[in-house]
Amino acid sequence: MWSVIKCKVNDLFFCINTPCIRRPELLHDPGCFNQILHNRHKLQQRETKATNMTLYTELLSLQPMSKRVRVRFAPSPTGGLHLGGVRTVLYNYLFAKHHGGEFILRIEDTDQSRYVAGAEDYIFKCLKWAGLEPDESPLHGGQFGPYRQSERKATYRQYAEQLIKEGHAYYAFDTPEELEKMRLDFKTEQNPAPQYDRSVRLQMRNSLTLAADEVKKLLGEGTRHVIRIKMPDAHETVTFTDMIRGEVSFDTAVVDDKVLLKADGMPTYHLAVVVDDHLMKITHAFRGEEWLPSAPVHVLLWKYLFGLEQMPQWAHLPLILGPNGKLSKRDGAKYGFPVFAMNWTDPKTNELTEGFKEKGFLPEAFINLLALLGWNDGTEQEVFTKEELVAKFSMERVHSGGAKFDYEKAKWFNHEWIKKSGAGSLVPEVKTLLAGKGINITDDALLTKVIELVKERCTLLTDFYEQSAFFFATPAQYDIAAVKPKWNAAKQLFFAELIRNYELATDWNATVLENNFKEIAAVNELKPGELMLPFRIMLVGGKFGPGVFDIATLIGKEETITRISKALAAFNS
RNA sequence: GGCCCGUUCGUCUAAGGGCUAGGACACCACCCUUUCACGGUGGUGAUACGGGUUCGAAUCCCGUACGGGCUACCA
C-alpha cells in the first residue's frame with residue numbers, strides 16, 4: 001500500500017509518497033531517501049538542506065508501509081530494439097533491483113497492422129544478451145498474465161464502457177474519410193493539425209451529438225465505432241510529479257479526445273497502459289520523454305478509473321539524440337554506428353540493421369555506456385559493473401536534458417571493458433569470431449595467452465581478428481614497403497645466422513630470444529633497432545602487434561624459423 | 001501553428017547561493033615504447049542572451065533566443 005505522508009515545512013505542505021520500503025532501515029540510506037522525495041524539486045527550490053534533513057529525521061520516525069516495487073518495460077514488437085529502448089529497460093531493471101522489486105516485460109501488440117514476425121523473440125534475445133532479463137513476461141511467466149496485450153483484449157472494453165457510463169468517454173462513429181475531411185476542413189495556417197477535441201466533437205458523429213436511440217441502433221447493427229475519452233470541457237489543469245522533471249502541468253482544454261478503444265476492439269496504448277499498469281500492480285512507470293504530451297490523458301484515466309492515489313510514479317526519460325534530433329536507425333546507417341542492440345533483419349524488406357553485439361561490443365560495456373547516457377553517480381567513476389549500477393542507481397540522478405549519442409565514447413567504454421575483462425572470459429567470443437574468419441582454434445590455453453597479449457590493442461571484439469590472426473597463420477603478405485628501402489646483404493646474413501642460432505635454442509622464451517638476437521646483432525655490428533622492424537614484419541606481416549619476442553615465444557620455434565625463411569625469400573625477390 | 005520538455009567545453013557530464021567552473025571522450029604536444037597500443041604529464045576548450053532577487057548566481061525568478069518532442073482508430 002502507498003503510505004502518503006503529509007509534512008508541514010515552513011508552512012508549506014508536502015505530500016510524500018513512499019515507494020517500497022520493505023525494510024525500514026533502508027531509510028537510512030540517503031540514496032533511498034532521495035527516492036522517497038516524490039516532490040523533491042519543490043523542496044529543492046524552497047527549502048534549505050537543513051530543512052531537508054529535518055524532514056529526513058521526521059520520516060525516520062514514521063513507519064512506512066511496504067509496497068513492493070514493480071516496474072515494466074512495454075515494447076511494441078514492430079522491429080529492432082534500439083539504444084533508447086535498451087536504456088529504458090536498463091533503468092527499469094536497475095531501479096527494480098536496487099529496491100528489491102520486480103521487472104516485468106509486457107508486449108504491447110495492440111496494433112495488428114504493425115505486427116512484425118520475429119520481433120518479440122528478438123527483443124528477448126537482446127535482453128538476454130544484455131543481461132537484463134525480466135522477472136515476469138510472456139516467456140518467463142508470472143502471476144499477472146497474460147503479458148501480451150493482444151491476449152488481454154477482452155479486459156479492456158469494460159473499462160472503456162465504464163468511462164462512457166460515467167460521462168468520461170463516448171462512442172464515435174466517424175469513418176476514416178470523415179476524419180480526414182474534418183482535418184482538411186479545419187486546417188488553417190494557424191492550426192495546421194486540427195485535433196478531435198472539444199472544439200470539434202460536437203460537429204462529429206458520436207454519442208454526444210446523436211440521439212440516444214440512434215446510438216443504440218448503430219451499436220445494435222454492429223456499426224464500426226471507437227471509444228474516445230472526453231476531455232473536460234472547462235479549463236482544467238492536470239498536474240503530476242515526474243520523478244525526473246518535478247511538477248509538470250497541462251491545460252486539458254488543449255488536449256484532444258484520444259481514441260481509447262479502436263474499431264477492431266483493441267485498446268490503444270492510452271487505455272491499455274493505464275489498465276495494465278493497474279492490473280499488474282505497477283508502482284513506477286518509466287518511459288521516453290516522447291510520451292510526456294500524452295501524460296495528461298493517462299493521468300485523467302487513472303483519476304477516472306482507479307484513483308490518483310493508485311497511480312504509479314512517472315518518470316519520463318530524456319531522449320537519446322542522434323546528430324539530427326531523436327536517434328533513428330537511419331542515423332546509424334548514415335554515420336556508421338550501430339543503433340540496435342543486435343542485428344535486425346526486417347522480414348519484409350530483408351534490410352539488415354547492424355547491432356552493437358555484432359559490431360563487437362561486450363554486453364557489460366553496452367549497459368555501462370547506456371547507463372552513463374543520462375545518469376551518473378555524482379563521483380568521477382565512469383566504468384561500472386552491473387552490480388555497481390544496481391547498488392548506485394537512483395532516478396533522482398537522471399538528467400532531464402536529452403543526450404546526444406557519441407560513438408567515440410561508446411567505443412572507449414568497450415575498450416575499457418575489454419582491458420578489464422580476464423583473457424579467459426573473452427575466449428569463447430574471440431574463438432567464435434576467429435572461426436567465422438576461417439581460423440579454428442583448438443588450444444584454448446594458447447588463445448588465452450594471445451588474448452592477454454593483444455587485448456589492450458582491441459577497441460571492438462572484431463579487432464581481435466587483425467590483432468591475433470598472425471598467431472595462428474603465417475602472414476600471407478608483408479608490408480614490404482616498410483622493409484625494402486633499408487634492406488641489405490648484412491641484414492640478410494644476420495637473419496640467416498639468427499635462424500641457425502634459434503635452431504639450436506633449447507630454452508624457448510622471450511628473454512633468451514631477445515638476448516641471442518642482440519648478441520648476434522652486436523657481433524655483426526648492426527643496430528638491433530634496425531633489425532626489429534624487419535623481424536616484426538616477418539612474424540606479423542605488418543607494423544603492429546605486441547613485442548616481437550613474445551610473439552616468437554608463442555608461435556614456437558619451428559614456426560618462427562619457418563616465417564623468417566619464408567620472409568627472407570619474399571624480401572629478396 | 002499549438003502544447004510540453006530542455007539548454008555548462010565539439011560530445012557525455014560535476015558543482016543543491018560562496019576557492020581559479022571539476023572529470024571523461026575526442027583533439028594537440030611531450031614522456032615511455034627500437035612497431036602498434038597501453039600508460040604518464042601537460043594543453044586547447046563551456047555556464048545561450050537580457051533583466052531581476054542577493055553581500056554573492058552556472059545554481060532561484062521572469063523574459064527572449066535556440067534545440068528537441070508531441071500534435072493517428074502507431075507505440
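We name chains A, B, ... by the order of the sequence lines, and we start the count at 1 in each one. Hydrogens, waters and symmetry mates play no part in the numbers below; they use all other heavy atoms, side chains included.
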Taking the [atom1] atom in each of [N] and [M], what is the distance between them to the nearest angstrom?
N	M	atom1	value
B:rC60	B:rU53	C1'	8 Å
B:rA46	B:rU41	C1'	24 Å
B:rC70	B:rC25	P	33 Å
B:rU54	B:rC3	P	33 Å
B:rA48	B:rG43	C1'	26 Å
B:rA29	B:rC38	P	15 Å
B:rU7	B:rU47	C1'	10 Å
B:rA75	B:rG16	C1'	37 Å

G-U wobble or Watson-Crick pairing nucleotide for [N] (cut-off 3.5 Å, both distances):
N	answer
B:rG42	B:rC28
B:rG18	B:rC55
B:rG6	B:rC66
B:rC73	none
B:rU47	none
B:rC36	none

With the threshold set at 4.0 Å, does a side-chain nitrogen-carboxylate oxygen contact exist between [X] and [Y]?
X	Y	value
A:D276	A:R152	yes
A:R205	A:E178	yes
A:R148	A:E151	yes
A:K518	A:E514	yes
A:R201	A:D197	no
A:D256	A:K258	yes
A:E180	A:R183	no

**Prompt:** Checking A:R106 against A:F73: charged group under 6.0 Å from the ring centre and within 45 degrees of the axis?
**Reply:** no

N or O in side chain of [X] less than 4.0 angstrom from [N] OP1/OP2:
X	N	result
A:K455	B:rA37	no
A:R183	B:rC73	yes
A:T78	B:rC74	no
A:K258	B:rU71	no
A:R228	B:rC73	yes

Taking N or O atoms only and anything under 3.5 Å, show me the protein contacts with nucleotides 39-43 of chain B, one pair per line.
from: B:rG39; atom 1: OP1; to: A:K419; atom 2: NZ; distance (Å): 2.9

Could you check how far [atom1] of [X] sits from [atom2] of [N], rounded to whole Å?
X	N	atom1	atom2	answer
A:F470	B:rU35	CZ	P	15 Å
A:D264	B:rC73	CG	P	13 Å
A:E514	B:rU35	CD	P	12 Å
A:D331	B:rG68	CG	P	12 Å
A:D550	B:rU33	CG	P	16 Å
A:E178	B:rC73	CD	P	13 Å
A:R148	B:rA75	CZ	P	17 Å
A:Q112	B:rA72	CD	C1'	17 Å

Answer yes if the ring centres of [X] and [Y] are under 6.0 angstrom apart, and no otherwise.
X	Y	result
A:Y269	A:W291	yes
A:F405	A:F337	yes
A:F494	A:F517	yes

Would you classify [X] as touching base, sugar-phosphate or nothing, given that sugar-phosphate means primed atoms plus P, OP1 and OP2, and contacts are heavy atoms under 4.0 Å?
X	result
A:P318	nothing
A:D174	base
A:S113	nothing
A:V226	base

Measure from the side chain of [X], starting at C-beta and using heavy atoms only, and say which of [options] lies closest.
X	options	answer
A:E456	B:rA37, B:rC73, B:rC25	B:rA37
A:P293	B:rG23, B:rG69, B:rG1	B:rG69
A:R114	B:rA75, B:rC36, B:rC25	B:rA75
A:L179	B:rU35, B:rC4, B:rC73	B:rC73
A:W412	B:rA24, B:rG69, B:rG22	B:rA24

By nearest-heavy-atom nucleotide on RNA chain B, the more 5' of A:M532 and A:E108 is A:M532

List the atom pairs, donor and acceptor, that lie under 3.5 Å between side-chain atoms in residues 542-555 of chain A and the rest of the protein, sequence neighbours left out.
from: A:T553; atom 1: OG1; to: A:A510; atom 2: N; distance (Å): 3.1
from: A:T553; atom 1: OG1; to: A:F549; atom 2: O; distance (Å): 2.5

Quick tally for nucleotides 5-14 of chain B: nucleotides whose base has a protein heavy atom under 4.0 Å get B, sugar-phosphate-only ones S, the rest -, giving BS----BSSS

Separation between CD (A:Q149) and CD1 (A:I107), nearest 0.5 Å, reads 9.5 Å

Glycosidic torsion of B:rC38 (syn if within 90° of 0, anti otherwise) classifies it as syn

